[in-house]
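Beneath this line is the structure, given in structure tokens, with notes to follow.
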Number of protein chains: 4
Amino acid sequence: MPKKIRLGILGGGGDSLIGVLHRVASHINDNYQITGAVFNPNYEDNVAFAKEIDIPLDRVYKDFDTLVEEEMKLPEDERIQVCSVLTPNFLHFPMAKKLLDNGFHVICEKPMTTTLEEAKILLEAQQKSGTVFALTHTYTGYPMVRQMREMIKAGALGRIHKVDARYYQGWINAIIHDKEKRNSVWRLDPKKAGISSCMGDIGVHAFNMVEYTTGLKVKSVLCDFNYLYDDNQMDVDGTVLIRMGDHVKGVIRGSQVATGEENGLAIRIYGEKGAFVWEQENPNFLYKMSDTEPVQVYKPGHAYNTELSLDGTKLPPGHPEGIFDSMANIYLGAARAIRGEKYNDGEFPTIIDGVRGMDFILSTVESNKNGSTWVNLED
Amino acid sequence: MPKKIRLGILGGGGDSLIGVLHRVASHINDNYQITGAVFNPNYEDNVAFAKEIDIPLDRVYKDFDTLVEEEMKLPEDERIQVCSVLTPNFLHFPMAKKLLDNGFHVICEKPMTTTLEEAKILLEAQQKSGTVFALTHTYTGYPMVRQMREMIKAGALGRIHKVDARYYQGWINAIIHDKEKRNSVWRLDPKKAGISSCMGDIGVHAFNMVEYTTGLKVKSVLCDFNYLYDDNQMDVDGTVLIRMGDHVKGVIRGSQVATGEENGLAIRIYGEKGAFVWEQENPNFLYKMSDTEPVQVYKPGHAYNTELSLDGTKLPPGHPEGIFDSMANIYLGAARAIRGEKYNDGEFPTIIDGVRGMDFILSTVESNKNGSTWVNLED
Amino acid sequence: MPKKIRLGILGGGGDSLIGVLHRVASHINDNYQITGAVFNPNYEDNVAFAKEIDIPLDRVYKDFDTLVEEEMKLPEDERIQVCSVLTPNFLHFPMAKKLLDNGFHVICEKPMTTTLEEAKILLEAQQKSGTVFALTHTYTGYPMVRQMREMIKAGALGRIHKVDARYYQGWINAIIHDKEKRNSVWRLDPKKAGISSCMGDIGVHAFNMVEYTTGLKVKSVLCDFNYLYDDNQMDVDGTVLIRMGDHVKGVIRGSQVATGEENGLAIRIYGEKGAFVWEQENPNFLYKMSDTEPVQVYKPGHAYNTELSLDGTKLPPGHPEGIFDSMANIYLGAARAIRGEKYNDGEFPTIIDGVRGMDFILSTVESNKNGSTWVNLED
Amino acid sequence: MPKKIRLGILGGGGDSLIGVLHRVASHINDNYQITGAVFNPNYEDNVAFAKEIDIPLDRVYKDFDTLVEEEMKLPEDERIQVCSVLTPNFLHFPMAKKLLDNGFHVICEKPMTTTLEEAKILLEAQQKSGTVFALTHTYTGYPMVRQMREMIKAGALGRIHKVDARYYQGWINAIIHDKEKRNSVWRLDPKKAGISSCMGDIGVHAFNMVEYTTGLKVKSVLCDFNYLYDDNQMDVDGTVLIRMGDHVKGVIRGSQVATGEENGLAIRIYGEKGAFVWEQENPNFLYKMSDTEPVQVYKPGHAYNTELSLDGTKLPPGHPEGIFDSMANIYLGAARAIRGEKYNDGEFPTIIDGVRGMDFILSTVESNKNGSTWVNLED
């Protein structure tokens with residue numbers, strides 16, 4: 001019987017946007033019940049928030065370690081089964097590691113870790129624990145992204161020879177053009193924000209989208225960052241040439257200073273027989289092109305869509321589902337995996353995606369530092 | 001303290017789409033807890049569905065009357081506070097009536113009733129009970145629809161002189177063109193489906209959108225239906241000329257045989273100083289036009305948006321929210337009203353919208369029957 | 001040998017926009033040579049303009065009658081073969097009549113005449129003369145409009161059951177909202193501008209588009225005009241219900257007060273098997289929809305297009321051709337007809353289209369005057 | 001008095017597309033008269049074509065040298081004033097050189113020459129002759145491209161920090177994927193087609209668009225080409241990182257194997273205060289974005305447009321002009337220059353653009369050959 005999965009939440013309290021996104025997503029398909037949480041490092045805030053959203057207080061813990069400790073004392077059929085890790089980036093690794101080591105399933109925000117080494121350690125831990133690890137590259141949950149993946153897998157484009165992805169935002173403009181702000185916010189302080197801003201935050205989403213949809217691996221990258229000001233130490237814009245195999249090339253463009261752009265993730269994939277064009281801000285329109293036929297516009301919920309795509313659509317065609325629904329699809333896939341039910345490859349990004357993402361980020365940074373040289377990713 | 005509102009669900013069991021929509025919407029802002037239900041007229045199906053979505057079984061009742069009877073025995077602070085009425089159309093009236101008479105709040109699917117008389121009786125009952133009645137014209141919950149309403153109220157378009165709405169779908173094609181099907185499905189049987197198909201199901205949404213956004217009332221209508229076949233008795237297509245005041249005119253176009261259309265609700269509003277264009281299938285793009293300036297494209301979540309619009313957006317610009325979020329906004333407004341909190345006009349459609357909608361449907365039917373004459377709506 | 005056709009121009013001098021449009025269109029396919037003209041009623045302006053555009057002055061005549069008289073004296077192989085009539089509307093009839101009576105071919109701007117009677121007289125004259133008469137409903141020259149026509153003729157949509165056309169502009173706003181202007185400009189003075197503004201100027205284009213693309217005839221119309229002010233005597237906005245046969249219905253919407261609209265001609269045609277959507281301001285994108293397949297976007301210049309469509313495209317796909325090219329296509333068809341070469345039905349609108357257009361305009365005016373009654377068009 | 005300019009045409013005979021484009025463009029604003037020509041190297045074809053388009057035969061010459069020789073014998077006020085050079089690429093240089101040396105004005109197709117050295121020699125010749133040299137980067141003639149240029153010059157975007165251009169086509173797919181074809185067509189034979197296919201044919205257009213609109217110069221490039229097959233020697237796809245100054249960076253993406261793309265030239269320009277987005281296949285829509293205001297959609301022909309933009313629009317808003325009109329605008333600017341009239345910077349691309357274009361093409365080839373290193377363009 002499909003009792004709801006007991007979900008713990010780490011982070012995401014107060015008016016956290018990522019908190020809303022995960023909470024709603026967990027509800028959407030009636031699979032999860034929030035059972036325990038550490039919403040906030042401050043215990044009072046933590047409890048206040050739990051009250052606000054009406055979560056029973058007895059399993060709202062004072063900190064992460066306590067959560068693990070106390071939950072482990074509970075019988076397995078009462079214990080939290082999976083934790084969503086929504087904390088600041090540097091906490092992803094220690095939390096996920098401990099969770100895996102104690103047999104919890106994990107749903108983790110990206111970037112998975114802050115270094116490639118951590119990512120590999122996590123992978124090892126997960127392989128040992130055998131529990132589920134879902135990385136929330138949210139955009140892979142869109143029905144039309146899944147449609148691309150499945151159609152490409154089935155050969156709709158033939159051999160792929162060119163991939164062009166973009167992730168453009170403009171929100172850092174308000175900070176970067178102000179000398180004082182750009183030298184004080186944590187986001188642009190490498191000591192606090194880590195090795196990369198633009199590539200770490202959004203470039204990696206575009207990278208994941210490229211690999212998720214094409215089924216190909218990026219082999220090497222060459223990168224030129226734009227810091228915009230001499231006194232800025234973090235990449236806020238960059239273009240990455242990519243090579244994915246013999247005569248399979250492409251480009252990933254990322255920017256946080258693309259003025260006026262909101263959340264402009266987009267991809268164009270060109271193959272021998274056809275091409276796909278998709279944009280995140282119009283997620284329910286997928287354009288399939290060929291040299292000889294009219295452009296075709298695929299939309300969700302139709303009988304012509306693939307199984308994986310249809311699985312991610314709840315209403316009939318023409319009823320726009322959005323990013324909450326996309327995230328919900330990832331939670332749905334994770335729920336099946338957690339319950340040991342059958343699920344398909346592609347229902348949620350895995351720890352392998354996390355390792356590759358870290359490799360990508362670090363390689364772009366290295367390439368840029370070297371004056372735009374080719375850097376190979378690990379196999 | 002914002003304890004979750006106790007919600008009862010009537011109908012919406014099994015793989016009901018409207019059931020999913022309401023259930024998800026009720027969760028989205030952490031305001032409701034499903035406390036009781038009659039998901040299905042068949043008790044076994046009812047219980048099975050409750051188990052499937054993991055709702056406690058003790059308040060899953062065998063029928064609506066039992067639900068009311070048993071809940072009324074409970075102390076007020078345990079009792080269901082509001083019921084969502086998702087049953088077939090002809091049950092809306094008796095259920096809503098009894099709920100209001102017993103002091104429950106009501107969230108009701110449209111069309112509110114099957115006759116104007118019923119609608120008026122319901123209005124009277126609601127005025128007597130003083131409880132909240134929200135009619136789920138879902139589309140009014142979109143942030144960009146609210147943006148239109150507020151900007152028009154603030155005078156952005158000046159005096160309105162022309163309104164042009166459309167609601168085109170194509171799904172009845174699969175039935176109507178098959179002689180046997182069109183003479184057997186309940187949808188096209190006036191005895192079962194009521195007085196109108198196209199106007200009753202979708203035309204009324206367009207009508208509501210016209211009145212919601214402009215703040216004006218439709219005074220009279222003139223209509224020509226298309227039945228498509230001589231042996232079909234239900235309107236599946238129709239165009240309605242509307243008059244909304246001195247020199248304020250327009251048109252509402254509805255069709256269920258608009259081949260290839262999915263859920264094509266759209267509106268164009270022209271005023272002295274400017275105009276709005278909006279389409280439901282791209283709900284996050286609102287076009288504001290004028291004769292002398294570049295077209296402006298409004299999107300949700302920006303500081304330039306109105307309070308009512310921003311209240312309906314959870315994430316920053318560029319993160320597409322959709323129809324579940326739109327419905328959730330209506331649930332959010334209803335939650336505030338149920339709790340006696342401050343809320344703004346426009347947060348949810350009311351019983352008055354329901355009465356007007358019924359008047360509209362009946363008037364179009366009458367106009368068409370009379371060979372396309374002008375029929376006045378009540379004030 | 002394809003010597004250029006000797007073209008006379010009537011009207012279109014100075015900075016006349018229609019003058020530029022026809023002059024350029026006549027050049028585009030290397031078929032015409034401007035041989036004579038009366039560009040302007042004022043002889044000095046006439047000559048000055050001829051000099052400005054470098055036309056030989058010896059056949060720039062002082063008035064229309066002189067042009068006919070003098071040209072008739074010339075041997076046939078030197079004489080003007082065809083005249084483009086670009087004068088104010090009320091002059092179309094007398095000029096075209098005299099031209100036909102004297103054996104000239106005619107290319108005429110719309111509206112063809114100012115009354116239905118004139119239109120019929122012209123038809124009779126043309127049938128007698130046997131010369132070519134092309135009416136410049138420019139929009140039928142677009143490759144994608146021709147594509148619709150041909151595909152519909154070939155059965156791509158099956159039986160058509162619904163047509164929805166729109167022609168929205170906003171330019172009269174600047175006049176109509178100013179009491180003095182609206183009571184003084186000739187455009188809104190029925191004595192000078194004729195029986196109809198909105199329907200006569202643009203509604204008739206939409207009507208022609210409906211008949212051109214569907215191959216069906218409008219049988220009856222019902223209309224409601226909006227005059228916007230009590231003291232305005234000319235329709236500046238109107239919606240026309242149309243019936244085109246058993247269970248074939250539709251609507252034509254026209255407005256000159258649709259604020260912010262530029263030249264918004266658009267059509268949606270729904271049939272049993274499919275539908276077309278096309279908009280004049282994006283003329284190179286034609287959307288074909290069905291209930292079961294992805295939307296298809298047709299573009300000009302592809303091998304998949306029909307012969308008539310391809311005939312109207314000069315460059316490979318992706319090189320946008322526009323309204324000058326559209327008009328040029330009509331001139332091209334007329335050239336073939338004038339030379340007695342083979343041409344296809346649909347290459348240019350004919351005098352029959354002109355008669356029907358006048359019938360449409362007058363019928364809408366009558367319907368509106370009668371308080372929105374059904375008025376039949378002649379067969 | 002504005003007598004028409006005497007135009008000679010070199011190449012462009014038969015069903016040459018470039019021939020149609022130039023011929024129509026030269027007619028559009030009533031400025032040119034085709035006076036002489038060598039349409040075709042074969043004299044019979046040459047004469048046959050002249051007859052077909054009804055050009056007087058007495059100045060249809062047997063070859064280019066004869067044209068120059070004979071025309072030079074004519075009195076200056078009868079002599080061809082300007083020649084349009086539409087011949088295969090390798091002939092551009094010798095023809096343009098001789099024309100300049102003999103005092104003719106020149107309108108030249110791109111690429112201007114086949115080497116940078118030739119380009120510089122031509123520049124020297126032109127500076128000596130002082131005659132007009134217009135290079136037909138057609139796309140700069142679009143009103144909305146001019147609008148970008150002028151608004152950027154006026155500071156609308158503030159300091160530019162990011163430029164992203166694309167020119168994607170798919171037509172070479174039909175050749176490249178066929179082993180025999182790709183090893184036999186002249187297009188992919190470096191001995192016949194020159195140093196570059198993709199960059200030389202279309203990349204250079206994107207490069208010109210970047211410099212034309214921003215007013216900035218590309219300082220250095222880094223490039224990775226995709227040849228698609230080991231036995232193919234010509235670039236058919238490439239991505240070029242560009243640096244345009246301190247912290248001003250960008251990317252130019254070119255492809256002839258972008259399956260399904262027709263003529264996909266597009267540009268995104270991001271500055272401190274705003275951004276522009278424009279696409280050639282929808283040339284009449286220019287998107288201006290900012291971080292705080294609704295997106296604005298500029299269209300041609302409005303009073304809000306700049307003088308240079310309005311100069312390139314013949315009809316009121318909403319009447320789509322296209323690529324013929326765009327080329328006509330370049331001819332219009334050249335006509336003013338040829339007549340010694342006042343004209344504005346930006347009305348047509350010059351020989352300087354040609355020199356820079358050759359530098360760009362050669363630099364990308366060099367960068368790619370070196371394994372993607374930065375290569376500086378000359379100042």
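As the structure is a prediction and not an experimental result, all values here were calculated from the model. Chain letters run A, B, ... following the sequence lines, proteins first and then strands; every chain starts at 1. What you see below is based on every heavy atom in this structure, not just the backbone, and it leaves out hydrogens, waters and symmetry mates.
Nearest heavy atoms, Trp374(C) versus Ser372(B): NE1-OG, 3.2 Å. Nearest heavy atoms, Asp224(B) versus Leu241(C): CB-CD1, 3.8 Å.
For Tyr229(B), the parts lying near chain C are the backbone and the side chain together; criterion is any non-hydrogen pair under 4.5 Å. Of the atoms belonging to Val295(B), not a single heavy atom falls under 4.5 Å from chain C. Within the 4.5 angstrom heavy-atom criterion, only backbone atoms of Lys273(C) (N, CA, C, O) approach chain B.
Between Lys249(B) and Asp237(C), no side-chain nitrogen of the basic residue sits less than 4.0 Å from a carboxylate oxygen of the acidic one, so the salt-bridge criterion is not met. The pair Arg166(B)-Asp164(C) does not meet the salt-bridge criterion, since no charged nitrogen lies less than 4.0 angstrom from a carboxylate oxygen.
Of the possible donor and acceptor atoms, none in the side chain of Asp291(B) sits under 3.5 Å from a partner among the backbone N and O of Thr259(C).
In terms of non-hydrogen atom pairs under 4.5 Å with chain B, the most contact-rich of His177(C), Arg253(C), Arg243(C) is Arg253(C). Comparing Ser290(C), Ala258(C), Gly371(C), Ala275(C) by heavy-atom pairs within less than 4.5 Å of chain B, the highest count is held by Ala258(C). The most heavy-atom pairs under 4.5 Å with chain B, out of Val251(C), Ile176(C), Asp246(C), come from Val251(C). Considering only heavy-atom pairs separated by less than 4.5 Å from chain C, the leading option among Phe225(B), Tyr227(B), Trp171(B) is Phe225(B). When each of Ala174(C), Gly238(C), Gly250(C), Gly170(C) is scored by its heavy-atom pairs under 4.5 Å with chain B, the top score falls to Gly170(C).
Side-chain atoms of Tyr270(B) and Ser255(C), non-hydrogen and from C-beta on, never get closer than 4.5 Å to each other.
Under a cut-off of 6.0 angstrom, the local environment of NZ in Lys192(C) is sparse, with at most 12 non-hydrogen atoms contributed by other residues, nucleotides or ligands. Within 6.0 Å of atom NZ in Lys369(B), 12 or fewer heavy atoms from other residues, nucleotides or ligands are found, so the atom counts as exposed in its surroundings. Heavy atoms of other residues, nucleotides or ligands lying less than 6.0 angstrom from CG of Asp15(C) number 12 at most.
Against chain C, the residues from residues 147-162 of chain B that qualify, each with a non-hydrogen atom under 4.5 angstrom away, are Arg159(B), His161(B), Lys162(B) in number order.
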